[in-house]
Trainee: 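After the structure tokens below, expect a handful of questions from me.
In this text the structure is predicted, and so the values were computed from the model without any measurement.
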Amino acid sequence: MENADALVETIAFHYGRSENKAKQVEYLHKAGEASQKNYANNAALDYYGSLLPLLIDVKEKTKIHLRRGEVLELIGNYDDAESDYRAALDSAKDDMALIASVQYALGKLNRNRGNYGPALEWLVKAKETYTALGDNARLAQVLIETGTVLFCEGDLTQAGELCNKGLILAREAGDSLGAALALRELGGMAWQQGDRVAARTL
């Protein structure tokens, strides 16, 4: 089936009933990613849930907890998403890049919940960590997300400044999606301030 390029979900099903742990890990991972990409959310959660007990490497566990959290957050299961994100934070140990990813995820999760104070606290931590790492591409995401939170709180001045900074960094990093998100937020701010021309342009 592998040689015939069968669906990864099908291969995962069969390896899941074998004693080949290495292949179980490989194909549960692939099937989880494929399901998540295709918004087969319950299937993705099942694959990732089956994968976690098989993982030995703590960094891999962190990444899978993050992926599970993303899926759970997408379907509005915020409590379980937070549990996975916090499990990811615990298993990240001293890997600062992974820690920053979890901090950003927790900031975004709290913004989606409407908990803007905790959201900003997590995003400040993520900003500090990405700044220390010199990762401007991820820093751009944090600045834009922070601007979004401040926009939700009604602080349009600071929100605009952060989204503009994030926009510059996103463009420098070649992150077109990040740039689009920044422009969307800036357009929303212009619209709220009554500048319809600028809003449409943005």
Trainee: Heavy-atom distance under 4.5 Å between the side chains of Leu150 and Glu161, does that happen here?
Mentor: no
Trainee: Nearest heavy-atom pair of Arg138 and Ser101: which atoms, and what distance?
Mentor: NH1-OG, 3.7 Å
Trainee: Would Ile168 and Leu186 show up in the same hydrophobic cluster when neighbours are defined by side-chain heavy atoms closer than 4.5 Å?
Mentor: no
Trainee: Using a strict 4.0 Å threshold on nitrogen-to-oxygen distance, state whether Glu128 and Lys125 make a salt bridge.
Mentor: no
Trainee: Would you check if Tyr85 and Glu70 make a side-chain contact, meaning some heavy-atom pair closer than 4.5 Å?
Mentor: yes
Trainee: Identify whether the distance between the nearest side-chain nitrogen and carboxylate oxygen of Asp95 and Lys63 falls below 4.0 Å.
Mentor: no
Trainee: Start with the C-alpha gap between Lys23 and Glu2, add the side-chain angles, then the distance that decides, and say whether side-chain contact (heavy atoms from CB on, under 4.5 Å) holds.
Mentor: CA-CA 11 Å; Lys23 286 292 187 178; Glu2 287 181 272; 3.0 Å; yes
Trainee: Do the non-hydrogen side-chain atoms of Tyr78 and Leu72 ever get within less than 4.5 Å of each other?
Mentor: no
Trainee: If you round to the nearest 0.5 Å, how far is CD of Glu60 from CG of Leu55?
Mentor: 6.5 Å
Trainee: Can Arg17 be said to sit on top of Tyr15's aromatic six-ring, NZ or CZ under 6.0 Å from centre and within 45° of the ring axis?
Mentor: no
Trainee: Do Leu133 and Thr129 have side chains that get closer than 4.5 Å, going by heavy atoms?
Mentor: yes
Trainee: For Trp122, which of Asn115, Asn110, Leu109, Thr146 qualifies under side chain to side chain contact (heavy atoms under 4.5 Å, CB included)?
Mentor: Asn110
Trainee: Shared ILVMFWY cluster between Ile64 and Val102, side chains joined below 4.5 angstrom?
Mentor: no
Trainee: Find out whether Leu120 and Glu153 are in side-chain contact, i.e. whether some heavy atom of one side chain is under 4.5 Å from a heavy atom of the other.
Mentor: yes
Trainee: With rounding to the nearest 0.5 Å, note down the distance linking CG in Leu167 to CG in Leu202.
Mentor: 9.0 Å
Trainee: Within this structure, what is the CG-OG1 distance for the pair Asp84 and Thr62, rounded to the nearest 0.5 Å?
Mentor: 11.0 Å
Trainee: If you compare all heavy atoms of Gly178 against all heavy atoms of Ala170, which two are closest, and at what distance to 0.1 Å?
Mentor: C-CB, 4.0 Å
Trainee: Check the hydrophobic clustering (I, L, V, M, F, W, Y; side-chain heavy atoms under 4.5 Å; chains of links allowed) and say if Phe151 and Leu183 are grouped together.
Mentor: yes
Trainee: Would you give the length of the straight line joining atom CG of Leu106 to atom CG of Leu123, rounded to the nearest 0.5 angstrom?
Mentor: 9.5 Å
Trainee: Which heavy atom of Val142 sits nearest to which heavy atom of Ala126, and what is that distance?
Mentor: CG2-CB, 4.0 Å
Trainee: Determine yes or no for a side-chain-to-main-chain donor-acceptor pair under 3.5 angstrom, with Asn38 supplying the side chain and Ala34 the backbone.
Mentor: yes
Trainee: Can you list the steps and then say if Arg113 with Asp79 is a side-chain contact (heavy atoms from CB on, under 4.5 Å)?
Mentor: CA-CA 10 Å; Arg113 277 177 151 170; Asp79 289 343; 2.4 Å; yes
Trainee: Step by step, would you call Tyr48 with Gln36 a side chain to side chain donor-acceptor pair (under 3.5 Å)?
Mentor: CA-CA 10 Å; Tyr48 290 146; Gln36 184 177 5; 2.8 Å; yes
Trainee: Closest heavy-atom contact between Asn136 and Leu169?
Mentor: O-CB, 3.9 Å
Trainee: I want to check something: taking the side chain as every heavy atom from C-beta on, are Arg68 and Leu52 in contact at a cut-off of under 4.5 Å?
Mentor: yes
Trainee: Would Val124 end up clustered with Leu139 when hydrophobic side chains under 4.5 Å apart are linked, directly or stepwise?
Mentor: no
Trainee: Run the side-chain contact (heavy atoms from CB on, under 4.5 Å) check on Arg67 and Glu33 step by step: do they pass?
Mentor: CA-CA 9 Å; Arg67 287 188 173 276; Glu33 289 182 335; 3.3 Å; yes
Trainee: Find out if a path of hydrophobic residues (ILVMFWY) with successive side-chain heavy-atom gaps under 4.5 Å connects Leu143 to Tyr116.
Mentor: yes
Trainee: With rounding to the nearest 0.5 angstrom, report the CG to CG distance, Leu51 to Asp46.
Mentor: 12.5 Å
Trainee: Give a yes or no on whether the backbone of Ala88 and the side-chain of Ser91 come within a donor-acceptor separation of less than 3.5 Å.
Mentor: yes
Trainee: Are the charged groups of Arg86 and Glu82 less than 4.0 angstrom apart, N to O?
Mentor: yes
Trainee: So which of Glu121, Glu73, Glu145 actually passes salt bridge (charged side-chain N to carboxylate O under 4.0 Å, His left out) with Arg111?
Mentor: Glu145
Trainee: How long is the span from the CE atom in Met189 to the CG atom in Asn164, to the nearest 0.5 Å?
Mentor: 8.0 Å
Trainee: Could you tell me which non-hydrogen atom of Gly187 sits nearest to which non-hydrogen atom of Ala199, and how far apart they are?
Mentor: O-CB, 3.4 Å
Trainee: Can the positive tip of Lys30 be found less than 6.0 Å from the middle of the six-membered ring of Tyr27, inside 45° of the ring normal?
Mentor: yes
Trainee: Check the surroundings of atom NZ in Lys165: do more than 12 heavy atoms from other residues, nucleotides or ligands lie under 6.0 Å from it?
Mentor: no
Trainee: For Ala105 and Leu66, work out which heavy atoms get closest and say how close.
Mentor: CB-CD2, 4.1 Å
